[in-house]
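Step one of this worksheet: look at the structure below.
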Amino acid sequence: MKKFIRICLEILLILTAVIFPGFMAMLSASGWKYNVREGNYPEIFGVYSFWMFLGAGLILISVICCFIGKKSKLYMLNLISGILDIAGTVCCMTVLRKFCAYADQNFSGIGESMKPVSELYQNRLLPIGFPAFLVLILAVWNFLESREYRIERKNQKIAELNAEAPKILEED
């Protein structure tokens, strides 16, 4: 049952990581960058797009580190994965907050219903937190499963330190 749950979480992680940070965040940042180049948006959106690219990239790298960290010998990648995941999520959510504050002040609504631009981007980018949460769950799971390997390695080192020293003089 544990293995089934783990496989389901991994599949869900791959799908959500590709959709939300991979497509939604990257494409939103690309659109901001494009509009800055065209002169439609102010220069601050160039900065926003950089940080959104960086945050989404960090989340995607953390997903890769999490999958590589399944191997017992590479258990430290789970810690790196968690740190990158948190940093990427903070980048994306900070940019989203700043963008929404700017959009509420300066942009009108979209479409016939005049839905606020900030609401549109919140719906697209807030789910970035879901794959980030899954990465943290799987990174902790991997780290705890590698505990046996770490204990075995520690016992080997202790055994090497306590091993009998080789004889210096030969006995006749």
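Only heavy atoms go into these numbers, but all of them, side chains included; no hydrogens, no water, no symmetry mates.
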Atom pair CD1/CZ of Ile151 and Arg147 - distance to nearest 0.5 Å
4.0 Å
Kindly write out the residues that satisfy side chain to side chain donor-acceptor pair (under 3.5 Å) with Asp104, not counting sequence neighbours, or none if the list is empty.
Ser118
My understanding is that only residues two or more places apart in sequence, or in another chain, count here; which of them pass salt bridge (Lys or Arg N to Asp or Glu O under 4.0 Å) with Glu10?
Arg6, Lys70
Give the minimum heavy-atom separation between Pro131 and Pro21, together with the two atoms involved.
CG-CD, 3.9 Å
Are Phe50 and Phe99 co-members of a hydrophobic cluster defined by side-chain heavy atoms under 4.5 Å apart?
yes
Summary of side-chain hydrogen bond (donor to acceptor under 3.5 Å, both in side chains) pairs that have at least one residue in residues 56-67, sequence neighbours excluded:
none
Just jot down the side-chain contact (heavy atoms from CB on, under 4.5 Å) partners of Leu12, sequence neighbours excluded, or say none.
Thr16, Phe130, Leu134
Are Val140 and Leu136 packed together at the side-chain level, in the sense that at least one heavy-atom pair is separated by less than 4.5 angstrom?
no
Working to the nearest 0.5 Å, report the span between CD1 of Ile64 and CG of Leu84.
10.5 Å
Compare all side-chain heavy atoms of Met52 with those of Cys91 and state whether any distance is below 4.5 angstrom.
no
Are the side chain of Ser28 and the backbone N or O of Ala25 linked by a donor-acceptor pair below 3.5 Å?
no
Taking the six-membered ring for Trp, are Trp32 and Tyr121 ring centroids under 6.0 Å apart?
yes
Assign the ring pair Phe45 / Tyr48 to parallel, tilted or perpendicular, where the plane angle (0 to 90°) is split at 30° and 60°.
perpendicular
Going by the side-chain contact (heavy atoms from CB on, under 4.5 Å) test, name the single residue among Ile11, Ile5, Leu13 that passes it with Leu9.
Ile5
Return each pair, listed once, that meets side-chain hydrogen bond (donor to acceptor under 3.5 Å, both in side chains) where at least one residue sits in residues 75-99; pairs must be two or more places apart or across chains.
Asn78-Asn142
Please list, chain by chain and in numerical order, all residues satisfying salt bridge (Lys or Arg N to Asp or Glu O under 4.0 Å) with Lys33, sequence neighbours excluded.
none
Decide whether Ile19 and Ile59 are clustered together by the hydrophobic rule: side chain heavy atoms of Ile, Leu, Val, Met, Phe, Trp, Tyr closer than 4.5 Å, transitively.
yes
